[in-house]
Amino acid sequence: MIKNPIDAAVRRRFTAPLLEWYHSLGRDLPWRRTDDPYCIWLSEIMLQQTQVVTALPYYHRFLETFPTIKALASADLEAVLKLWQGLGYYARARHLHRAAQILVSQFSAKMPESFESVIALPGIGRSTAGAILTIAHGKCHPILDGNVRRVLCRFFAIERDPREKSVDAWLWHCSEMLMPKHNASHYLQAIMDLGATVCVPKQPSCTRCPVEKSCAARKKGLETLLPIRAPSKKVPHYDYFAGVLCVDNAVLIRRRPLKGLLAGLWEFPGERVAENSKQGSIVLAYERFFREHLGLDTCECKPYMTIQHVFTHFKMTLHVFLHHSKKRVEAVFPFDWVERETLSERPFSSAHQKIVLQLTQKQNQGELF
DNA sequence: CAGTCGTGGAC
DNA sequence: TGTCCAAGACT
């Protein structure tokens with residue numbers, strides 16, 4: 001990847017107008033009103049692949065419950081996951097929790113100031129480490145998130161796929177060279193603000209952009225075509241079933257393994273329906289599942305609700321059955337019986353949370369289920 | 001190193 | 001409605 005060098009002239013055309021724009025039009029965000037590295041770290045983790053408006057309420061709730069690194073480190077993972085419920089990418093919560101424990105045991109419960117120590121923490125990669133070091137500790141380390149990548153690809157009219165290794169390396173170099181030594185923290189937040197509010201993926205507001213006159217993509221009329229995006233892949237669709245097994249006022253739930261999809265969250269027992277199974281065999285699969293896993297040979301079950309859900313890499317139709325039984329089968333880990341009133345204390349995935357909500361609402365309306 | 005990992009906003 | 005994709009990291 002060969003490009004013109006980033007020299008002082010380019011820095012003047014880019015960095016200075018950007019900083020000026022940020023000081024008058026930058027966003028007022030809660031993690032910009034603190035110098036607590038823990039809060040800044042938390043915001044960076046929550047904002048990975050997540051929009052500001054989505055993360056905001058989670059950020060406030062999280063800090064109310066875990067105001068310090070020590071408080072987070074001594075919490076149960078399940079309590080952390082409960083606060084993360086609905087935010088997605090739950091490995092972030094798991095890594096955050098583990099990193100807090102590492103900080104308490106090895107770093108006096110403080111975020112270290114060396115890049116090597118920070119990036120070694122779970123859940124912190126090159127970009128997040130750069131952001132924490134620069135914003136929380138006043139250092140000067142580049143980042144290359146979606147915003148910076150898009151802004152740079154447009155400003156320099158990079159007409160190649162930024163996922164190519166050589167292009168990615170050049171963008172990192174470029175991001176580093178553009179950083180001002182003295183105002184690095186404001187600069188980072190400025191370029192992210194620009195990407196999030198002006199230089200947006202579709203229909204960028206170039207007339208509001210402080211560097212419009214120097215933007216190569218704008219000059220070439222390529223601003224909506226860059227950066228080059230990967231062709232979208234078709235995501236497969238799978239059928240799942242889940243059973244709300246009820247005895248009196250209790251229901252049976254199961255905790256997911258601590259690795260993989262929705263790790264550590266609770267759900268109503270069930271599994272994916274085999275790929276080649278026919279229509280109508282879902283009930284048969286459901287009966288077989290409860291017979292084999294829980295020894296239930298009778299089945300007083302009926303369809304309860306159907307939930308459509310989209311994950312990153314597949315779509316799911318979740319067929320939910322309501323299932324009454326006289327006696328509680330023994331619940332061995334990872335299974336557990338819980339009263340309906342206490343269901344909402346457990347962290348569920350969004351799809352299964354819809355079931356929890358339905359059960360809770362029915363109860364509040366005085367109906368059985 | 002390409003696949004995995006969630007969810008919701010915006011259009 | 002479908003489509004893109006958001007302050008990426010981990011394997």
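Residue numbers start from 1 in every chain, and the chains themselves are labelled A, B, ... in the order their sequence lines are given, proteins ahead of strands.
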Side-chain donor-acceptor pair present, A:Thr50, A:Arg92, cut-off under 3.5 Å:
yes

Report the distance from atom CD of A:Gln49 to atom C1' of C:dC4, rounded to the nearest whole Å.
12 Å

Classify A:Ser43 by what it touches in the nucleic acid, base, sugar-phosphate, or nothing, heavy-atom distance under 4.0 Å.
nothing

To the nearest Å, how far apart are A:Arg92 CZ and C:dC10 P?
13 Å

Would you measure the distance from the P atom in B:dA2 across to the matching atom in C:dA7 and give it in whole Å?
24 Å

Rounded to whole Å, the CZ-C1' distance (A:Arg149 to C:dG8) equals 9 Å

Base, sugar-phosphate alone, or nothing: which one does A:Ala196 contact when heavy atoms must sit under 4.0 Å apart?
sugar-phosphate

For A:Phe268 together with A:Phe348, are the ring centres under 6.0 Å from each other?
yes

Can you check whether A:Thr128 has a side-chain N or O nearer than 4.0 Å to OP1 or OP2 of C:dG8?
no

Taking the same atom, P, in B:dG9 and in B:dC5, what whole-Å distance lies between them?
23 Å

Any A:Arg150 side-chain nitrogen or oxygen under 4.0 Å from OP1 or OP2 of C:dA6
yes

Does A:Val52 reach a base, just sugar-phosphate, or nothing at all? Heavy atoms under 4.0 Å.
base

Considering all heavy atoms of both residues, which atom of A:Ala55 and which atom of A:Leu87 are nearest to each other, and what is their separation?
CA-CD1, 4.5 Å

Expected output is a numbered-order residue list: members of residues 22-38 of chain A with a heavy atom under 4.0 Å from any atom of DNA chain C. What is it?
A:Arg27, A:Leu29, A:Trp31, A:Arg32

Expressed as a whole number of angstroms, how long is the span from A:Lys259:NZ to C:dC10:C1'?
11 Å

Determine the Euclidean distance between corresponding P atoms of B:dG6 and C:dT11; express it in Å to zero decimal places.
14 Å

Determine the contact category for A:Thr50: base if any of its heavy atoms lies under 4.0 Å from a base atom, sugar-phosphate if only primed atoms, P, OP1 or OP2 are that close, otherwise nothing.
base

Which is more 5' along DNA chain C, the nucleotide nearest A:Ala129 or the one nearest A:Gln51? Just name the residue.
A:Gln51

For a quick check of understanding: with a heavy-atom distance under 4.0 Å over all strands, which category does A:Ser127 fall into, base, sugar-phosphate or nothing?
sugar-phosphate

Heavy-atom closest pair, residues A:Gly195 and A:Asn147:
C-OD1, 3.3 Å

Would you mind telling me which residue lines up with the more 5' stretch of DNA chain C, A:Ala230 or A:Gly125, judged by nearest nucleotide?
A:Ala230

Which heavy atom in A:Val251 sits nearest to a heavy atom in A:Cys246, and how many Å separate them?
CG1-SG, 3.9 Å

Bounded by its outermost nucleotides with an atom under 4.0 Å from a heavy atom of chain A, the footprint on DNA chain B reads B:dC1 to B:dG9

Whole-Å distance between C:dG8 C1' and A:Glu44 CD?
11 Å

Go through residues 199-206 of chain A and report each residue with a non-hydrogen atom lying under 4.0 Å from DNA chain C, sorted by number.
A:Pro201, A:Lys202

In whole Å, I'd like the distance from the CG atom of A:Asp193 to the P atom of C:dA7.
10 Å

Under a 4.0 Å threshold between the charged nitrogen and the carboxylate oxygen, would A:Glu223 count as salt-bridged to A:Arg218?
yes

Taking NZ, NE, NH1 and NH2 as the nitrogens, is one of them in A:Arg33 or A:Asp28 under 4.0 Å from a carboxylate oxygen of the other?
yes

Verify the neighbour count for atom NZ of A:Lys70: are there more than 12 heavy atoms of other residues, nucleotides or ligands below 6.0 Å?
no

Using whole Å, report how far CG of A:Leu47 lies from P of C:dA9.
12 Å

Roughly, in whole Å, what's the span from CD1 in A:Ile45 to C1' in C:dA7?
10 Å

Indicate whether the side chain of A:Trp266 and that of A:Glu78 have a donor and an acceptor atom separated by less than 3.5 Å.
yes

Quick check: on DNA chain B, is the nucleotide nearest A:Leu265 upstream (toward 5') of the one nearest A:Lys233, or the reverse? Name the residue that is more 5'.
A:Lys233

Over all strands shown, is A:Leu144 touching base, sugar-phosphate only, or nothing at heavy-atom distances under 4.0 angstrom?
nothing

State whether the number of non-hydrogen atoms from other residues, nucleotides or ligands found under 6.0 Å of A:Gln308 atom CD is greater than 12.
yes

Of the non-hydrogen atoms in A:Pro37 and A:Met111, which two are nearest, and what is the gap between them?
CB-CB, 4.0 Å

Will you find, in the side chains of A:Tyr286 and A:His323, an N or O donor that is under 3.5 Å from an N or O acceptor?
yes

Please classify the nucleic acid contact of A:Leu188 as base, sugar-phosphate, or nothing, using heavy-atom distances under 4.0 Å.
nothing

Under the side chain to side chain donor-acceptor pair (under 3.5 Å) criterion, do A:Arg32 and A:Gln189 qualify, and how do the steps go?
CA-CA 9 Å; A:Arg32 291 177 178 170; A:Gln189 300 176 72; 2.9 Å; yes

